[in-house]
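Chain identifiers are assigned alphabetically (A, B, ...) following the order of the sequence lines, protein sequences preceding nucleic acid strands; residue numbering begins at 1 within each chain.
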Protein chains: 2
Amino acid sequence: MTRGRRATMTSTTQQARRRTPLSRERVLRAAVDLADTAGIDALTVRRLAESLGVEAMSLYYHVPNKEAILDGIVDLVFTEIEGEVGGFQVPETDAAWHDALRVRILGARRVMLRHPWAPALLDSRTGLAPTTARYVDSVVGTLRSGGLSYDLIHHAMHALGSRMFGFSQELGEDDDSGDADLAQLAAMVPHLAAMLAVVRHDDPDSTLGWCDDQYEFEFGLDLILDGLARKRALEAQADAATSTAGTAAEDPRD
Amino acid sequence: MTRGRRATMTSTTQQARRRTPLSRERVLRAAVDLADTAGIDALTVRRLAESLGVEAMSLYYHVPNKEAILDGIVDLVFTEIEGEVGGFQVPETDAAWHDALRVRILGARRVMLRHPWAPALLDSRTGLAPTTARYVDSVVGTLRSGGLSYDLIHHAMHALGSRMFGFSQELGEDDDSGDADLAQLAAMVPHLAAMLAVVRHDDPDSTLGWCDDQYEFEFGLDLILDGLARKRALEAQADAATSTAGTAAEDPRD
DNA sequence: ACCTGAACACCGTTCAAGT
DNA sequence: ACCTGAACACCGTTCAAGT
């Protein structure tokens, strides 16, 4: 390669990319892009550096290690959620808390669907990144605005699990989902095969095994939210019964 | 190392281990042991081979690749569950389906708690290994024994999600869980901090963030099972209304 | 202050070769 | 039939060195 060719190359691709210097911010954005484009397995330190037109070791100046990159892109996803749902603020009290929470979670879900690698990655992280923590905080706040006790809220957070982030983990589709071997399948797993036959009849597009379509997500979410609303009503009853004697307590919750 | 020493070593450790020849079975059992003992990250092909007193490449004679090992140990876990719950058979009809399912799932949970790496690994697998499929089949069968329609069962499977295997994914505990910085925490995530203060007051042993204790798991499980029971009752009502005219239908379900 | 080259200790996997 | 040695193409990360 002659000196002239190298100069040409430098002035176009490489140099253009490096006009803006590297930064934590730019590294993380590139990491999200790479994961979106090529999958989370393709997100290696070396390939990430390449996508930034830089040597692998340069990244370590801006980021301590790969774990920090993974934590960082999870937090970026939650920043995107914050934009999607119009911020994380919650009203003091809200009779429509049930709907508000539903809308917030479905907003988070839309973002998760844009970044298919995010759910598994989020599950694997230990510890809450700052924006993730503020999202969780807004869920607690929304439940509180509906008048639930902190105790019930605590249970609610566990009951929701990953569903509060807009996804539920799914088993992959069975790849041997040819139509012919349904008989063979029935021999090993008769009940499952029978269910699939019915479900498939109703919806020919559904895949064998599990699927994570919007309807199923909302069914499960509503099952939990409705159960929580019922328990909240029970709490309200109990409060009313306790305070028969005098005026309304300052805060009947917890 | 002299010839004599090598001979001694061979007659004790190495040889004893290799008296029984390698097999898929033995490889998988060793893999579970290694994951249990040293963590799932320590489960590399090379270390696994070492634990069997064999060269890494020898494993490839019994198993096609690492993915197959991971699929295999997940299936081994479900074989263990099968033993734990006394088999996967289900009665034709069962008025106590609710309890039966609960007991089965809590049995699965006990096994999962013995193999802390299993939940994350199961989540990462695509496709159902044979024993896993039979477990899922038994869950479908139990719901069917309770008279739920296949449609409702399908929704139920999605609603349960990983909870049907006895776990729900959790965020790791916040490591900055010192008591002092709760004020600092309150500034960033006020609602979360308030909830934790109450929950912690009630149960000083609880950790910051999420925790996966038995109570919370059962709370969430029961919330879903109760919701399903309610929906099943609605289906029964609808069936009764439809068949006002004549005798009982052969199978009122679906 | 920011980036790099060479090197280290690991991975999973192949392929031809040993017994 | 079963196991191995050497090699390949990758990882993440260190450390001293360049500008």
Per-nucleotide protein contact along nucleotides 5-11 of chain D, 5' to 3', at a 4.0 Å heavy-atom cut-off (B base, S sugar-phosphate only, - neither), is BBB---B
Is A/L121 close to A/V77 at the side-chain level, that is, under 4.5 Å between some pair of heavy atoms? no
For D/dC3, does either OP1 or OP2 sit under 4.0 Å from a side-chain N or O belonging to B/H62?
yes
Rounded to whole Å, OH of A/Y61 lies from P of D/dC15 at a distance of 17 Å
Discussion item. Counting only heavy atoms from other residues, nucleotides and ligands, does the tally under 6.0 Å from CZ of B/R102 exceed 12?
Written reply: yes
From CG of B/L70 across to P of C/dG12 the rounded distance in Å is 9 Å
Base-paired stretches in DNA chain C with three or more consecutive Watson-Crick or G-U pairs, both distances under 3.5 Å, amount to C:4-8 with D:12-16, C:12-16 with D:4-8
d(B/I40 CD1, B/H115 NE2) to nearest 0.5 Å is 11.5 Å
### Task
Could you tell me whether the phosphate oxygens of D/dT13, OP1 or OP2, come under 4.0 Å of any side-chain nitrogen or oxygen in A/Y60?
yes
inquiry  = Looking at B/T132 and B/L128, would you say the former's side chain and the latter's main chain have a donor-acceptor pair under 3.5 Å?
reply    = no
From the list B/R24, B/K66, B/R125, salt bridge (Lys or Arg N to Asp or Glu O under 4.0 Å) partner of B/D71 resolves to B/R125
The complete set of salt bridge (charged side-chain N to carboxylate O under 4.0 Å, His left out) pairs with one or both residues in residues 72-88 of chain B, sequence neighbours excluded, reads B/E80-B/R114, B/E82-B/R134, B/E84-B/R110, B/E84-B/R114
**Asked** Counting N and O atoms only, with roles assigned by atom type, does the side chain of A/Y135 sit under 3.5 Å from a partner on the main chain of A/M164, one being a donor and the other an acceptor?
**Response** yes
Rounded to whole Å, the CD-P distance (B/E50 to C/dG12) equals 13 Å
Check: A/F88 and B/V189 side chains under 4.5 Å, non-hydrogen atoms:
no
